[in-house]
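Note that the structure is predicted; figures quoted are calculated from it, not measured.
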Number of protein chains: 2
Amino acid sequence: MELEDRKSKILTAIIRNYLETGEPVGSRTISKFTDLQLSSATIRNEMADLEEMGLIIQPHTSAGRIPTDKGYRFYVDQMMEARKHEFDDEKQLLLQRVDRMEAALKQLAKVLAANTNYATLVSAPTYTQNKLKFIQLSRVDEAKVLAVIMTQGNIVKSTLVDMNEDISEDDVLKMNVLLNASLNGLSVDEINLNIISNLKTEAKELAPAVEPILTAIAQAIASDKDEPQIYTSGTTNIFKYPELSQSSSATELIGAFEEKQPLNELVLSSMNKEGIQVYIGEESPFENLKDCSVVTANYDLGDGLHGIVGIVGPKRMDYERVVGTLHGLKNQLDAIYKEMGTKKISGSGIGKDE
Amino acid sequence: MELEDRKSKILTAIIRNYLETGEPVGSRTISKFTDLQLSSATIRNEMADLEEMGLIIQPHTSAGRIPTDKGYRFYVDQMMEARKHEFDDEKQLLLQRVDRMEAALKQLAKVLAANTNYATLVSAPTYTQNKLKFIQLSRVDEAKVLAVIMTQGNIVKSTLVDMNEDISEDDVLKMNVLLNASLNGLSVDEINLNIISNLKTEAKELAPAVEPILTAIAQAIASDKDEPQIYTSGTTNIFKYPELSQSSSATELIGAFEEKQPLNELVLSSMNKEGIQVYIGEESPFENLKDCSVVTANYDLGDGLHGIVGIVGPKRMDYERVVGTLHGLKNQLDAIYKEMGTKKISGSGIGKDE
DNA sequence: GTTAGCACTCGGGGAAAATGAGTGCTAACA
DNA sequence: TGTTAGCACTCATTTTCCCCGAGTGCTAAC
């Protein structure tokens, strides 16, 4: 959308002011606020035009104006265009070094929340495309085998397999060799029915044992592909913004951040979009966020490991700072990854099946 | 504390009524509510006595009475005593079967929250006293070894160990045998400096490799002993109780449920108390909960696996129902455990170290 | 020991009034 | 033709005021 220069300046001034105060902005304020040297009456005329265009709105007669979603969109687009090349990468968030990815991501969400005063979410990296490094089977008892799967990117998954019949220590070893020979280097997506049936043939007398193990492995691998782990922080920050905390959906919002599962939709839809995304109000892929704005950035740790970082706040969020911060963070994550190549990784899990 | 029968009846009536309505209870209400056949004037006299004893209080002159913490305590003690033997174990919560302990515990918190309309927390079982079943080392590359630890109760932990120097496939195998021979059957608490130095002697030329591995293992095992995993649900239920949601600590309360870490104190202090605990207001081990009541039950899955289930609500919570529900749940968990002996267990983890 | 009666207290709710920020419109001005 | 001063008007918000009623404490009678 093109806009007369003066109108654009006035709109920007209105939005800037509203971002700070959260109160409707009147013509007199703008008249003093800008360097346009125009009287409030003139501003009023322009504001009437902007309102007609649907960029600003009056909450009620005799109140100042506040931006509409469309107004914010104009502002954000303009800002993104202008700032494209000059984000302040210097702002390094103090990411304390921690010993596990899980803790690191929690920490990241926390630091971001503390820095921005908005609610944050970080999705743990998913690893489609990720290749198997090795599988290690260990016999636990007569009819149970522990399968440990390690993929590129050094992600470890383990699953305890309930065999249908007893299996000997020897057979487990054979299976181990067989599985590694057949599956090594495959991406997790490539393990399909075809391969399973091939494996069964190769397995010969071990064939009955192959199926439960492969099923369990596939299940363990797939388990969080649809439901990536999400870490959140700063949910309570939304209480700092009356227009959010008093909104009827505040409870739902907090609920969504607690259950995490509802945020999945947001994560999935941002995941395959390059760069930094800004969703304003109704643009959000997720109903409960329609009173908020969401800014997401996707990160890529290589080896097909990627996830997103998101910030949820009121529509009058400080887009400039948030986008800048996320931009810097992306670079920092890249740096961490490079540095990480030679370092160690650890993980743990626990689970019981019916 | 002993109380005249009539006073006790009146106190109980006041509390019962207040639990339902959340409004101060007047003398006339009690006069009609009970089967005592007393006029409101008489009730007033008794109420004055109860107030003097610190069991009830007037929010302001010309208002009815509400129970104090002490009043609730009296009520709860009496109720616990009376109901000691007759909790309705029949109330079976519908626990949908799920494939992993983690999911099961989340589910449990969720179901409890939905059933009680309070906020709930469930701590994942910790396993002090738990004995090692086996350790499986796998060489990942020249200087990295994956250690997978399985304990009784079939809990799996894994950690990627960064060796100080290169290690051969052969040496990993030797280490594997050595570790299992030495550590098998020990409880995780028993792995101490003594054992490590013994192991070093036995390891001979492998000695330099023993230390990083043992350190990593010890660390992986200890990692969530101090910080048990906590699952929460229904935090937003507190909005249903104005006295909580309008309290200044509501934000902190929700924050604590989000960060989870602050709840740890509560978990730890309930963990070593047998049976069902009720904390009323100031009795809570945790500052932020002083406007709430907390009911906790510890569960024991055998093999030293134990944790707690907790319910957090307003002081005017339906203690009777909550205690009953938790009582039933305890039994149900026991049943599940028994049934689980023969079934499979799985888990997964991911982490990166600096 | 119990009860009826009565004066008193005090929070809550609602109406009315005062406030003030901000508008739209008109007429004058450059 | 665009800009501005001026003015009447609107309406959410705040303040004030008053009334109502639930509930109490106390006293005197039963």
No-H, no-angle donor-acceptor pair, B:Thr61 side chain to C:dT9 base, under 3.5 Å
no
Can you tell me how far OG1 of A:Thr34 sits from CD1 of A:Ile10, rounded to the nearest 0.5 angstrom?
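A:Ile10 atom CD1 to A:Thr34 atom OG1 measures 7.0 Å (nearest 0.5 Å).
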What distance do A:Asp291 atom CG and A:Lys315 atom NZ have between them, rounded to the nearest 0.5 Å?
6.0 Å
Side-chain donor-acceptor contacts of residues 12-26 of chain A below 3.5 Å, not counting sequence neighbours, with atom names and distances?
| from | atom 1 | to | atom 2 | distance (Å) |
| --- | --- | --- | --- | --- |
| A:Thr12 | OG1 | A:Ser8 | O | 2.8 |
| A:Arg16 | NE | A:Tyr75 | OH | 3.2 |
| A:Thr21 | OG1 | A:Asn17 | O | 3.1 |
| A:Thr21 | OG1 | A:Glu23 | N | 3.1 |

So which of residues 32-43 of chain A are in contact with DNA chain D, with a heavy-atom cut-off of under 4.0 Å?
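Residues of residues 32-43 of chain A that come under 4.0 Å of DNA chain D are, in numerical order, A:Gln37, A:Leu38, A:Ser39, A:Ala41, A:Thr42.
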Are A:Ser40 and A:Arg28 close enough that a side-chain donor and a side-chain acceptor fall under 3.5 Å?
no
Between [N] atom [atom2] and [X] atom [atom1], what is the distance in whole Å?
X: A:Met47; N: C:dA21; atom1: CE; atom2: P; result: 15 Å
X: A:Arg44; N: C:dA21; atom1: CZ; atom2: P; result: 14 Å
X: B:His60; N: C:dG12; atom1: NE2; atom2: P; result: 7 Å
X: A:Ile30; N: C:dG22; atom1: CD1; atom2: P; result: 10 Å

Applying side chain to side chain donor-acceptor pair (under 3.5 Å), can you list everything that pairs with A:Ser293, at least two apart in sequence or on another chain?
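Listed in chain order: A:Tyr319.
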Can you list the residues that meet the side chain to side chain donor-acceptor pair (under 3.5 Å) rule with A:Lys273, with sequence neighbours excluded?
none
When the nearest nucleotide of DNA chain C is assigned to A:Ala48 and to B:Arg6 on a heavy-atom basis, which residue is associated with the more 5' position?
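Comparing both residues, the 5'-ward one is B:Arg6.
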Is atom CZ of B:Arg73 surrounded by more than 12 heavy atoms (other residues, nucleotides or ligands) closer than 6.0 Å?
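It does: B:Arg73 CZ has more than 12 such atoms within range.
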Would you say CD1 of A:Ile57 has more than 12 non-hydrogen atoms from neighbouring residues, nucleotides or ligands within 6.0 angstrom?
no
Going 5' to 3' along DNA chain D, which nucleotides are the first and last within contact of chain A (any atom under 4.0 Å from a heavy atom)?
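Contact boundaries, 5' end first: D:dT3 to D:dA12.
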Defining pairs by Watson-Crick or G-U wobble geometry with both distances under 3.5 Å, how would you list the stems of DNA chain D with at least three pairs each?
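Counting only runs of 3 or more consecutive pairs, the stems involving DNA chain D are C:1-30 with D:1-30.
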Could you check whether B:Lys7 pairs with B:Glu46 (Lys NZ or Arg NE/NH1/NH2 to Asp/Glu carboxylate O, under 4.0 Å)?
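A salt bridge is present here (some side-chain N lies under 4.0 Å from a carboxylate O).
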